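Presented below is the structure to which this report refers.
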Amino acid sequence: MGIIKKGTSYFPDKEFKKRAWINSNSIYKEANKNPIRFWDKLAKELHWFKKWNKVFVHKPPYFKWFVGGKINICYNCLDRNLEKRRNKVALIFEPESVEEREIKLTYYDLYRLVNKFANALKKLGVKKGDVVGIYMPMIPETIISMLACARIGAVHSVVFSAFSPNALKIRLQETEAKVLITADGYYRRGKIINLKESADEGIKGTNIKKVIIAKRANNKIKLVKGRDYFFDDLIEGQSDYCKPEQMNSEDKLFILFTSGSTGKPKGIVHTCGGYTVQACWTAKYIFDLFDDDIFWSTADLGWITGHTYSCYGPLLNGTTYVLYEGAPDFPTPDRWARIIEKYGVTTFYTAPTAIRMFEKEIKKLKEKLNTLQIIASVGEPIDEEAWHWFYREVGKERCPILDTWWQTETGGILITSLPGIGPFKPTFTGVPFPGIKTDILDDKGKSLPANKEGNLVILPPFSPGMLRGVYNNHKKYVDTYWSKYGNKIYFTSDLAYRDRNGLIRIVGRADDVIKVAGHRISTGELENIIDLDKRIDECAVIGVPHEIKGEVPVAFVVLKSGKPNEKMKKEIVKRVEKEISKIARPSEIYFVMELPKTRSGKIMRRILKRLFTGEELGDLSTLSNPECIGKIRKTIGK
Ligand code: PRX
């Protein structure tokens, strides 16, 4: 069972096709003829307490799916699987330390824990519609927490555990969450990270009244009486049944913050019905999930990939999946390959940064990985070299490689080749998922022919799992997604083009967002933080290509007066780490006298970037200070 090469692309062979859920193009024809009917049909296979009366309602720029329907995603993930899969393993937790044993939780184990914890949350006063903050590492309690919130209709807002206390604070302030679930600590590259300490710092100045702590690393932590509770103590003695809330399809399920062009992160809102349908069916069809599969997505639960494919998607399909706590290359560079072998992983989903890192550290892989059937990538464009290494060393020239495109905003994968159909073409993500309509437009809104680069957009009826708004910020929702081409065309902020067969290649972001090791970081947010230093007059941050991480931030700083020194650089880096996270720290800081600006005063970041990459600078006639270019070039040594 494998793939065969035809020209520059690869296709599933007959045997693979035979097994796949989707192996005929007719699904595209059927779905695209009437996407609303297509999703309507798929939605029916989930458990609804009450059926919807309208599949799709569009009041631009807002839209709704399955209106009038009542559903609970936790019920669909757990209760629905009890009959057939009660004793099947749902979750395999692989601790970072190789000396520690894994934990396997069956569907029934998970069900009981989630129910108990849901009851505990209720007892603490959490009600339907309340926002609960989750600041947790990659441990089963994180998944239990998300599912328990969903069960009682609380809205979870997960904050990536590597984010700094300040980053946690602004997210908690925005949602006004009253309860935070966290952990004492966790292991990262053999060290214990004291997460509780960061949580204590982050909740200062927020509305958090209760903190729940899962014990993981048993590190020393400070406890505040009447505010802090241990997860294990709370579930002790709770009933293992908690009635699932019957949620309206359009009730909020979760808020997840992401970076945009401007300084502040925005809370992307996802709702119960549509998200459930899309998470379930994209996971099933794209990863071709069958009952004997072992699925592993390396994405952290703090990001959308973690939400949809390390939590909800696999459980909705009754799949067994792996949750790994630590760094994929710890304690040896092939740790991830050992995990694949240890559990017989059949589907492996990771990011180009990880693939490039594996390639650099390992080159030739000794593990056979013969259980793998599908390998997949997400989060950033995958370059040709990394694609081929992944294909050769991991997929052993027999696994379909899926390059899946999507965003925090889209809730689930929207563009990819399907494994039973193909083609798998290096650096191309594929075609829109059945029922998804996309286009590539020029700045005036004209649809572009093959090989012409333009803005990737999504057309009505969009997808059931797409965002329903930016939390408490209608204006941002409209400005970011529905202004460029009017309120009926979703603007992705990605640049892309199609080949002659309609396969889409994602070129990169059209805005000031950069992808650092797959993490979405706003250069505007970084600039705001750097500008907080009173000695700094202004700064510009750009993303520059990096061999492993894809892109890294580089800052250009203009001082008000005085001479720069190394200490200042360190202080800037420290400030970024404190306000956001280590992942966002600039790889270089250059002190310059001036930044290139247009006559109207706009900083030309594009020119700074081109100075770095060595591309043609283009027309400089709009600059008010072209003479600064030579000086900057000298400073950066290019
Ligand atoms: O630029 C695209 C890039 O990641 C952005 C979305 O980032 P985020 O919301 O963090 O979600 C990432 C995981 C779903 C997109 O606007 N991106 C995502 N997938 C791909 C990609 N770029 C190229 N190829 C992909 N497969």
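For ligands, and for the atoms within them, numbers begin at 1 and follow the listed sequence. Sequential numbering from 1 along the given sequence is applied to the chain's residues. Small disclaimer: the values here were computed from a predicted structure and weren't measured.
- Of all the heavy atoms in V513 and S259, the pair that sits closest is CG2-O, 3.9 Å.
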For each nitrogen or oxygen atom of ligand 1, which protein N/O atoms lie closer than 3.5 Å, and how far apart are they, rounded to 0.1 Å?
{"unit_1": "ligand 1", "atom_1": "1 (O)", "unit_2": "D494", "atom_2": "OD1", "d": "2.8"}
{"unit_1": "ligand 1", "atom_1": "1 (O)", "unit_2": "D494", "atom_2": "OD2", "d": "3.2"}
{"unit_1": "ligand 1", "atom_1": "4 (O)", "unit_2": "G379", "atom_2": "O", "d": "3.3"}
{"unit_1": "ligand 1", "atom_1": "4 (O)", "unit_2": "K515", "atom_2": "NZ", "d": "3.0"}
{"unit_1": "ligand 1", "atom_1": "7 (O)", "unit_2": "K515", "atom_2": "NZ", "d": "2.9"}
{"unit_1": "ligand 1", "atom_1": "9 (O)", "unit_2": "T408", "atom_2": "N", "d": "2.7"}
{"unit_1": "ligand 1", "atom_1": "9 (O)", "unit_2": "T408", "atom_2": "OG1", "d": "2.5"}
{"unit_1": "ligand 1", "atom_1": "9 (O)", "unit_2": "R520", "atom_2": "NH1", "d": "2.6"}
{"unit_1": "ligand 1", "atom_1": "10 (O)", "unit_2": "K515", "atom_2": "NZ", "d": "3.4"}
{"unit_1": "ligand 1", "atom_1": "16 (O)", "unit_2": "Q407", "atom_2": "NE2", "d": "2.9"}
{"unit_1": "ligand 1", "atom_1": "16 (O)", "unit_2": "D494", "atom_2": "OD1", "d": "3.2"}
{"unit_1": "ligand 1", "atom_1": "16 (O)", "unit_2": "D494", "atom_2": "OD2", "d": "2.8"}
{"unit_1": "ligand 1", "atom_1": "16 (O)", "unit_2": "R509", "atom_2": "NH1", "d": "2.8"}
{"unit_1": "ligand 1", "atom_1": "17 (N)", "unit_2": "G379", "atom_2": "O", "d": "3.3"}
{"unit_1": "ligand 1", "atom_1": "19 (N)", "unit_2": "G379", "atom_2": "N", "d": "3.2"}
{"unit_1": "ligand 1", "atom_1": "24 (N)", "unit_2": "E380", "atom_2": "O", "d": "3.4"}
{"unit_1": "ligand 1", "atom_1": "26 (N)", "unit_2": "D403", "atom_2": "OD1", "d": "2.7"}
{"unit_1": "ligand 1", "atom_1": "26 (N)", "unit_2": "T404", "atom_2": "O", "d": "2.7"}

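- Ion pairing of E174 with K476 is absent here, as no side-chain N (NZ or NE/NH1/NH2) approaches a carboxylate O to less than 4.0 Å.
- Between K609 and E551, at least one side-chain N (NZ, or NE/NH1/NH2) sits under 4.0 Å from a carboxylate O, which counts as a salt bridge.
- One finds the SG atom of C311 at 9.0 Å from the CG atom of L91 (value rounded to the nearest 0.5 Å).
- In summary, E94 and R335 engage in a salt bridge, as defined by a charged side-chain N under 4.0 Å from a carboxylate O.
- With respect to W296, the ring pair (Phe, Tyr, Trp, His ring centres under 6.0 Å) criterion is satisfied by exactly one of W336, F348, F287, Y321: F348.
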